[in-house]
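Here is the structure we will look at, set down as structure tokens.
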Amino acid sequence: MADLVAHGLVTSKDAESLDAVAARYAVAVTPTMLGLIDRADPQDPIRAQFVPTMRELQQSPEESADPIDDAAFSPLPGLVHRYADRVLLKVVSVCPVYCRFCFRREMVGPGGEALVGENLDQALAYIRARPEIFEVILTGGDPFMLSPRRARELTQAIAAIEHVKIVRWHTRVPVVAPERVSDDFVQALCAKGVTTWVAVHANHPREFTPAAQAAITRMREVGISLVSQSVLLRGVNDRLDVLQDLMRGFVALGVKPYYLHHPDLAPGTGHFRLPIAEGQELMRGLRRTLTGLAQPTYVLDVPGGAFKAPLDPSYLQVSEGGLQLLDGTGHWHDYKG
Ligand code: SF4
């Protein structure tokens with residue numbers, strides 16, 4: 001908290017109360033993100049994502065420490081197997097930043113366990129024994145916190161499993177700590193026998209700094225396929241113009257917009273959630289104004305972890321004569337095919 005005071009993001013008076021938040025949830029902001037925060041704007045969207053507030057201590061009854069119930073689908077430490085053809089490996093517990101809306105906020109942070117040694121061997125053996133597993137998703141924490149050596153070892157160990165064809169890394173590092181995405185690290189993500197995908201997490205167009213753009217370009221240059229992940233957040237990107245610039249920013253960098261997540265029911269995050277109907281209205285706005293390439297799917301991980309539900313608004317309704325389809329200006333058109 002002293003660092004946030006020193007950087008003018010928290011007053012010394014507030015720091016005393018915020019120690020209670022920091023005692024429960026990890027706090028970290030990278031120099032790149034610090035450099036983006038407008039100190040004169042208390043509503044700054046970058047600040048809102050990383051600087052703790054007392055609202056995080058307000059927990060509602062529907063919120064849960066494990067909102068998508070990873071634990072119920074975790075047969076081994078660090079491995080989540082929810083869908084038959086893919087597994088998640090939580091390879092590290094640390095991140096370069098700690099997002100105040102993080103759905104794994106009760107698990108991530110310094111001092112958590114990394115997937116190494118016997119636990120990693122067991123996880124790889126689990127994947128090896130199940131030919132239906134087509135894709136391995138590396139998450140955490142942020143798996144781009146691995147050293148290039150460990151990233152290479154992990155990629156090669158997964159690539160050596162014949163039936164695994166896709167390795168997908170989920171990361172916020174290219175945006176919040178782009179200096180970590182070195183040429184050596186990028187090479188470490190690739191191995192013969194698997195196709196590497198990287199899902200880049202960004203929530204506001206200002207996050208596409210020149211350094212972030214260069215980090216993403218380095219991944220594209222070695223042939224890595226890139227998709228986006230964003231969280232729809234009150235006070236960060238809950239405006240059509242911001243979402244338009246965010247999705248256009250991804251597409252311009254060769255990152256296909258993939259998921260726009262409705263925030264999960266993580267503890268103390270109610271101030272970030274907006275009504276789903278409002279999210280759908282924003283999605284209609286994107287559909288009306290952006291190229292098809294820039295359209296994400298609006299999704300909700302259903303509490304309990306059963307599945308990821310698409311929340312996209314409907315453009316089709318059944319009518320007496322057949323079907324009706326909604327255009328971008330809000331008018332319905334009959335279809336009799
Ligand atoms: S980078 Fe991802 S895992 Fe880490 S705190 Fe942010 S949302 Fe959570």
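Start at 1 and go down the list; that is how both ligands and their atoms are numbered.
For the residue pair T139/R104, the side-chain donor-acceptor check at 3.5 Å is satisfied. No side-chain N or O of S182 forms a donor-acceptor pair with one of D184 less than 3.5 Å apart.
Using a cut-off of 4.0 Å between Lys/Arg side-chain N and Asp/Glu carboxylate O, D44 and R206 are scored as salt-bridged.
Hydrophobic clustering of Ile, Leu, Val, Met, Phe, Trp and Tyr side chains at less than 4.5 Å, counting indirect connections, unites L232 with L240. No continuous path of ILVMFWY side-chain contacts below 4.5 Å connects L243 to F101, so the two sit in separate hydrophobic clusters.
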Please assess R24 against E106 for the test salt bridge (Lys or Arg N to Asp or Glu O under 4.0 Å), listing each intermediate value before the final yes or no.
CA-CA 8 Å; R24 178 153 183 200; E106 298 275 1; 2.8 Å; yes
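Near V97, with a cut-off below 4.0 Å to any heavy atom, the atoms of ligand 1 are 5 (S).
Each protein N, O or S atom less than 2.8 Å from atom 8 (Fe) of ligand 1 was counted, giving 1.
The shortest contact between atom 2 (Fe) of ligand 1 and any protein heavy atom is with H201 ND1, 4.3 Å.
Residues forming a side chain to side chain contact (heavy atoms under 4.5 Å, CB included) with A114 (at least two apart in sequence, or on another chain): V116.
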